[in-house]
Amino acid sequence: MPNVWRTRMLSQADGVDPVAARTFAVENGIVGAGWALNDPPEPSPLPNLCSDVNLYLQHAKLVYPNDNSVEGVATIFGTQMKVGDYCWMYVTHTGEYWCCRIDGEFEYRTGGWFDVHDLHLTRRCTWVKAGPADAVPGVVRRAFAGQFGTVSAIVTHAGAAIDAAEILLGLRQPTPNGDLFAAAGPEDLEDLVALYLQEQGWRTFPSTAKVSMAS
């Protein structure tokens with residue numbers, strides 16, 4: 001069974017335009033993250049298209065000695081992510097979800113547009129647009145509602161996220177699986193809880209599953 005991942009594709013490097021970076025990644029069939037080993041125009045200690053993630057990590061520990069994220073992200077893209085896995089992305093500036101199938105092994109990219117868009121830890125992939133929130137199952141929406149780093153696995157109801165990816169990519173036909181909780185989004189689940197509590201005699205206001213509720 002393939003794994004399914006979620007990624008932000010949102011560089012924290014200065015001067016990187018996330019809209020342009022995501023567009024470049026989609027158009028060129030790339031999923032990835034930053035953490036370059038050089039500061040252009042200085043040459044990279046690793047050649048473009050290097051596939052040795054362990055060699056990358058040897059250099060990265062020297063360049064980013066106090067960054068606790070780089071090793072985990074490089075390990076995911078370098079070894080844990082496999083050809084045939086699926087990855088979801090939420091594009092914040094359009095409110096749309098995209099999905100890709102991983103087609104290639106790990107590649108360290110450097111130079112040109114990869115430096116401009118801060119895309120260095122990469123995998124080749126095939127992207128397809130899923131659409132807005134109502135076009136994806138609740139498990140995918142919930143995966144991006146919580147806190148996570150640059151990339152991480154979707155574990156809860158992962159099968160529903162894989163099914164949705166395979167349908168989008170034309171690898172299978174949609175078939176009902178009866179998993180209500182995988183299909184429902186955060187507000188749908190809250191409505192179910194509210195209905196249950198009303199049956200128990202509570203007076204409820206099912207409007208708390210909002211981004212502003214923490215405040």
Novice: Quick one: do T7 and V31 satisfy side-chain contact (heavy atoms from CB on, under 4.5 Å)? Show the steps, please.
Specialist: CA-CA 8 Å; T7 182; V31 61; 4.0 Å; yes
Novice: Enumerate the salt bridge (charged side-chain N to carboxylate O under 4.0 Å, His left out) contacts for residues 76-95, please, sequence neighbours excluded, ordered by first and then second residue.
Specialist: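 Found none.
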Novice: If I take atom CG from residue N38 and atom CG from residue L46, how far apart are they, to the nearest 0.5 angstrom?
Specialist: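 Answer for the CG-CG pair, N38 versus L46, is 9.5 Å.
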Novice: Go through the steps for Q173 and I167 under the test side-chain contact (heavy atoms from CB on, under 4.5 Å), then give the verdict.
Specialist: CA-CA 6 Å; Q173 295 297 315; I167 291 168; over 6 Å; no
Novice: Taking all non-hydrogen atoms of both residues into account, name the closest pair between G84 and P2 and its distance.
Specialist: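 It is O-CB, 3.4 Å.
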Novice: With rounding to the nearest 0.5 Å, note down the distance linking CH2 in W88 to CZ in R6.
Specialist: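 The CH2 atom of W88 sits 14.0 Å away from the CZ atom of R6.
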Novice: Using a distance-only test with no angle check, is there a side-chain donor-acceptor pair under 3.5 angstrom linking D118 and W35?
Specialist: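 Side-chain D/A pair, D118 to W35: absent.
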Novice: Are side-chain heavy atoms of V136 and R141 found at a separation under 4.5 Å?
Specialist: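 Heavy-atom side-chain distance check passes, below 4.5 Å.
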Novice: Is a side-chain N or O of H120 found less than 3.5 angstrom from the main chain of G34, in a donor-acceptor match?
Specialist: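 Absent.
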Novice: Is there a continuous path of hydrophobic side-chain contacts, each under 4.5 Å between heavy atoms, that joins L119 to L10?
Specialist: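 Not linked; separate clusters.
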Novice: Using the test salt bridge (charged side-chain N to carboxylate O under 4.0 Å, His left out), find all partners of E71 that sit at least two apart in sequence or belong to another chain.
Specialist: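 Result, salt bridge (charged side-chain N to carboxylate O under 4.0 Å, His left out) vs E71: none returned.
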Novice: Work out which heavy atom in A161 is nearest to a heavy atom in V139; give both atom names and the distance.
Specialist: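 Here A161 and V139 meet closest at N-CG1, 3.9 Å.
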Novice: I'd like to know if the side chain of D17 and the backbone of V19 have a donor-acceptor N/O pair within less than 3.5 Å.
Specialist: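 It does hold such a pair.
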Novice: Does N48 reach the main-chain N or O of G111 with its side chain, forming a donor-acceptor pair under 3.5 Å?
Specialist: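 No, because the side chain of N48 does not come within donor-acceptor range (under 3.5 Å) of the backbone of G111.
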Novice: Just jot down the salt bridge (charged side-chain N to carboxylate O under 4.0 Å, His left out) partners of R22, sequence neighbours excluded, or say none.
Specialist: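 Not a single residue meets the salt bridge (charged side-chain N to carboxylate O under 4.0 Å, His left out) criterion with R22.
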Novice: Drop me the distance from C125's SG to W98's CH2, to the nearest 0.5 angstrom.
Specialist: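 That separation rounds to 10.5 Å.
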Novice: Does a side-chain heavy-atom distance below 4.5 Å link V83 with D103?
Specialist: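 Heavy-atom side-chain distance check fails, nothing below 4.5 Å.
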Novice: For residues K129 and V91, determine if any side-chain heavy atom of one lies less than 4.5 Å from a side-chain heavy atom of the other.
Specialist: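 In short, these two side chains do not touch, never coming nearer than 4.5 Å.
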Novice: Quick check on the hydrophobic clustering: are V116 and L37 connected, directly or via other members, by side-chain heavy-atom contacts under 4.5 Å?
Specialist: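 Same cluster: V116 reaches L37 through Ile, Leu, Val, Met, Phe, Trp or Tyr contacts under 4.5 Å.
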Novice: Quick one: do R124 and E107 make a salt bridge, cutoff under 4.0 Å?
Specialist: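 Answer for the salt bridge query: yes.
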Novice: Indicate if V26 and L121 have the same hydrophobic cluster label, given that clusters are the connected sets of ILVMFWY residues with side-chain heavy-atom separations under 4.5 angstrom.
Specialist: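 Same cluster.
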Novice: Quick one: closest heavy-atom pair of D52 and N54, and the distance?
Specialist: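 Closest approach of D52 to N54, heavy atoms only: OD1-N, 3.1 Å.
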Novice: For Q200, I'd like to know if atom CD has over 12 heavy atoms of other residues, nucleotides or ligands within 6.0 Å.
Specialist: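 Atom CD in Q200 is packed in, count exceeds 12.
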Novice: Carefully, step by step, assess Y90 and Y97 under the rule ring pair (Phe, Tyr, Trp, His ring centres under 6.0 Å).
Specialist: CA-CA 5 Å; Y90 176 61; Y97 295 83; 4.7 Å; yes
Novice: Under a 4.5 Å cut-off applied to non-hydrogen side-chain atoms, are P45 and H59 in contact?
Specialist: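 Yes; the side chains approach each other to less than 4.5 Å.
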Novice: If the condition is ring pair (Phe, Tyr, Trp, His ring centres under 6.0 Å), which residues does F148 pass it with, not counting sequence neighbours?
Specialist: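 Result, ring pair (Phe, Tyr, Trp, His ring centres under 6.0 Å) vs F148: F144.
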Novice: Quick one: list whatever passes ring pair (Phe, Tyr, Trp, His ring centres under 6.0 Å) with Y56, sequence neighbours left out.
Specialist: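 Once residues adjacent in sequence are excluded, the partners of Y56 under the ring pair (Phe, Tyr, Trp, His ring centres under 6.0 Å) criterion are Y108.
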Novice: Run the numbers on M81 and I76 for side-chain contact (heavy atoms from CB on, under 4.5 Å), then give the verdict.
Specialist: CA-CA 6 Å; M81 191 176 283; I76 288 177; 4.2 Å; yes
Novice: Roughly how far apart are L169 CG and C100 SG, rounded to 0.5 Å?
Specialist: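 One gets 8.0 Å once the value is rounded to the nearest 0.5 Å.
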Novice: To the nearest 0.5 angstrom, please state how far the CD atom of Q147 sits from the OG atom of S152.
Specialist: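 It comes to 11.0 Å.
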Novice: Test of understanding: clusters of I, L, V, M, F, W, Y form through side-chain heavy atoms closer than 4.5 Å, transitively. Do V53 and V151 belong to the same one?
Specialist: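 Yes; V151 is reachable from V53 via cluster members.
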Novice: Please check this pair: side chain of R109 against backbone of T122, looking for a donor-acceptor N/O pair closer than 3.5 Å.
Specialist: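 Not confirmed, R109 side chain does not pair with T122 backbone.
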Novice: Do the side chain of R123 and the main chain of G104 share a donor and acceptor less than 3.5 angstrom apart?
Specialist: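 Indeed, once roles are kept as given, a pair shorter than 3.5 Å links the two residues.
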Novice: Partners of Y86 by ring pair (Phe, Tyr, Trp, His ring centres under 6.0 Å), sequence neighbours excluded?
Specialist: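 Applying ring pair (Phe, Tyr, Trp, His ring centres under 6.0 Å) to Y86 gives none.
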Novice: Would you mind telling me which of V4, L171, N3 makes a side chain to side chain contact (heavy atoms under 4.5 Å, CB included) with I162?
Specialist: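 Checked V4, L171, N3 against I162; only one passes side chain to side chain contact (heavy atoms under 4.5 Å, CB included): V4.
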Novice: Return the OG1 to CZ distance between T126 and R101, rounded to the nearest 0.5 Å.
Specialist: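 Nearest 0.5 Å value for the OG1-CZ distance: 7.5 Å.
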Novice: Using 30° and 60° as the class limits, which term best fits the ring planes of F24 and F114: parallel, tilted or perpendicular?
Specialist: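 Ring orientation, 0 to 90° scale: perpendicular.
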Novice: With the side chain counted from C-beta on, respond yes when Q80 and W5 share a heavy-atom pair under 4.5 Å apart, and no when they do not.
Specialist: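 Yes, their side chains come closer than 4.5 Å.
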Novice: At their closest point, which heavy atom of F77 faces which heavy atom of A33, and how far apart are they?
Specialist: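 Answer, listing the atom of F77 first, then A33: CE1-CB, 3.9 Å.
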Novice: With a 4.5 Å heavy-atom cut-off, do R142 and H157 have their side chains touching?
Specialist: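 Yes, close enough: below the 4.5 Å cut-off.
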Novice: State, yes or no, whether a side-chain contact exists between L195 and E199 at a heavy-atom distance under 4.5 Å.
Specialist: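 SC-SC contact between L195 and E199 ruled out.
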Novice: Going only through I, L, V, M, F, W and Y residues with side-chain contacts under 4.5 Å, is there a path from I154 to M1?
Specialist: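 Per the 4.5 Å side-chain linkage, I154 and M1 are co-clustered.
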